[in-house]
Amino acid sequence: MVFEGKINFNSEWVASQTLEEFQEHEKHHGLSKDQLKEVHNACKKEAGKKKPETK
Amino acid sequence: MSTNLCSVQGGNTGGVLCDTKRKRPKKILAGGKEFTSSEYADSATLMAAIIAACKLPTGNASKLFPFPEIFEVAVTTPQSTTGNLAHGPVRRLVKGKPAYTYSVEIGQLEYQKLLAFDGKTLPVFTFDDTTNMWGYRGIADNNTPNTNVWKGEMAYITIEGNGFEDGTNAATGVCIISISYLSVDDFEKRGTYASLPDLSAGDLVGLKDVMLSEPAAHSTNVYKIKATIPMPKLGGDLNIYDEFGAGLAALTWTAFTGATYSTSLTITSIAVDATLKCLTVTFDSTAYTALSGGATIKLVPPTAAVLDAADITGIEIGYIILTK
């Protein structure tokens with residue numbers, strides 16, 4: 001999944017991570033937590049996978 | 001029984017209207033591609049197959065390497081050697097093998113790339129100025145349509161020239177490509193052409209080599225990867241980021257570890273870095289951390305065919321070995 005034409009996320013891998021795991025792993029791109037959440041949701045939809053989110 | 005064998009030598013000599021002959025070469029393609037009868041069933045299919053063969057990865061036995069467009073042709077076929085007894089007829093002893101030199105005008109980079117073919121023997125296809133492509137096809141069995149593969153004609157290649165010009169003679173400073181065919185029999189008896197009226201010499205262009213490098217030290221599992229065309233000009237390497245950076249980031253890259261690079265390492269993201277004009281490649285941190293210190297990672301870019309399909313044309317990117 002390509003975010004704003006600049007970052008190509010591995011949808012399958014993203015969908016296998018919790019939101020928190022994903023946000024921590026990809027924080028170096030400088031995206032906001034909301035943007036990363038948007039990516040996470042889109043990748044889950046794309047990959048058709050769900051993993052419980054922790055608080 | 002007649003003892004005169006004159007009527008049983010040779011064969012019928014009739015030609016066919018509108019048949020053609022070898023004309024002036026415009027381009028040559030060197031490489032091992034063998035086109036099946038399905039691929040040469042019609043000119044459109046063959047044209048697509050030829051262009052596809054030019055985009056195969058280097059190292060693929062079926063890849064074709066287009067040479068530069070030819071600006072001057074010289075026939076250097078040695079004269080056949082002859083001899084005769086004092087009062088006897090002149091007899092041909094050895095038939096000269098076909099040989100040609102082609103003059104091309106190219107830059108230093110392209111010349112240095114062509115030198116990889118210097119002194120090599122390869123199959124060669126020749127595209128002439130009447131849009132016919134010449135190659136070799138073996139003879140068919142009796143009473144059977146010929147469906148043998150069509151391939152290049154074996155030739156010995158040398159590359160030289162590209163020195164300084166003398167300022168008065170246009171022939172100086174050019175690159176000279178010499179092609180010497182190994183078999184006059186094959187050249188004459190097995191020479192087979194394909195009519196490709198829609199093919200242009202400009203459709204047959206060699207790929208440029210792109211090198212990957214690390215413009216900055218990596219930070220754990222996050223690597224900076226720069227893609228450039230190395231040039232024989234000081235400070236002149238061409239960074240392809242501006243033209244292709246976003247397109248490259250959007251494609252699928254792969255990574256491998258292990259002694260034979262057979263273990264896949266997940267790439268979690270590839271991003272453009274507009275500051276360093278490179279890509280940011282992130283590996284799965286769990287798998288990355290599990291690697292031993294000093295372990296190597298082979299980062300493999302998309303193939304030339306995949307790049308071309310994404311409108312990133314004319315380049316082939318080599319892999320890079322990264323170190324943890």
Side-chain angles (χ1 to χ4, degrees), chain A, chain B residues 214-225 227 241-257 263-290 297 299-302 306-307 309-312 317:
Chain A
M1 180 256 174
V2 181
F3 181 74
E4 294 185 348
K6 296 176 185 174
I7 311 172
N8 181 6
F9 289 101
N10 181 336
S11 296
E12 200 173 312
W13 177 85
V14 172
S16 71
Q17 308 294 301
T18 64
L19 175 59
E20 289 75 16
E21 287 169 342
F22 169 63
Q23 288 172 329
E24 176 62 25
H25 195 279
E26 301 293 323
K27 64 186 179 186
H28 55 277
H29 292 302
L31 299 183
S32 68
K33 287 203 167 184
D34 281 344
Q35 286 175 314
L36 288 171
K37 183 176 181 181
E38 179 189 334
V39 171
H40 191 248
N41 286 339
C43 287
K44 280 194 300 181
K45 202 177 275 187
E46 202 174 299
K49 288 183 185 178
K50 289 192 177 184
K51 188 167 179 180
E53 293 180 9
T54 59
K55 281 189 181 175
Chain B
E214 290 185 80
H218 66 273
S219 170
T220 58
N221 61 320
V222 180
Y223 285 71
K224 297 293 183 180
I225 303 296
Y241 174 84
D242 284 338
E243 193 172 0
F244 298 132
L248 288 175
L251 295 175
T252 299
W253 295 53
T254 53
F256 303 91
T257 60
T263 304
S264 181
L265 175 64
T266 299
I267 296 172
T268 62
S269 63
I270 301 181
V272 297
D273 181 332
T275 304
L276 292 180
K277 292 191 179 294
C278 68
L279 301 179
T280 303
V281 178
T282 307
F283 299 110
D284 178 290
S285 61
T286 303
Y288 182 85
T289 302
I297 302 164
L299 178 63
V300 181
V306 169
L307 293 172
D311 290 331
I312 301 174
I317 308 176

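Sequence lines set the chain letters: A, B, ... in the order given, protein chains first and strands last, and positions in each chain run from 1. If you're wondering where the values come from, they're calculated on a predicted model, not measured in any experiment.
- Using a 4.5 Å cut-off between heavy atoms, B:D273 does not touch chain A at all.
- B:L251 touches chain A through its backbone: at least one of N, CA, C or O sits under 4.5 Å from a heavy atom, while the side chain does not.
- Counting heavy-atom pairs under 4.5 Å between each of B:I267, B:V272, B:I270 and chain A puts B:I270 at the top.
- At a 4.5 Å heavy-atom cutoff, the contact between B:T266 and chain A is made by side-chain atoms alone.
- Within the 3.5 Å criterion, the main-chain N or O of B:A250 finds a donor-acceptor partner in the side chain of A:N8.
- Interface check for chain B: of the options A:F9, A:F22, A:F3, the most heavy-atom pairs under 4.5 Å are formed by A:F9.
- With A:H28 contributing its side chain and B:S219 its backbone, the two residues share no donor-acceptor pair below 3.5 Å.
- Ring pair B:Y288/B:F283 is parallel by interplanar angle, where below 30° counts as parallel and above 60° as perpendicular.
- Using modelled atom types, no side-chain atom of B:S264 and backbone atom of B:F256 make a donor-acceptor pair closer than 3.5 Å.
- Of the possible polar contacts, none joining the A:Q17 side chain to the A:V14 backbone as a donor-acceptor pair under 3.5 Å is found.
- Comparing B:T280, B:T268, B:T282, B:N221 by heavy-atom pairs within less than 4.5 Å of chain A, the highest count is held by B:T268.
- Not a single donor-acceptor pair under 3.5 Å links the side chain of B:W253 to the backbone N or O of B:S269.
- Put simply, of B:T252, B:L279, B:V222, the one with the most heavy-atom pairs under 4.5 Å next to chain A is B:V222.
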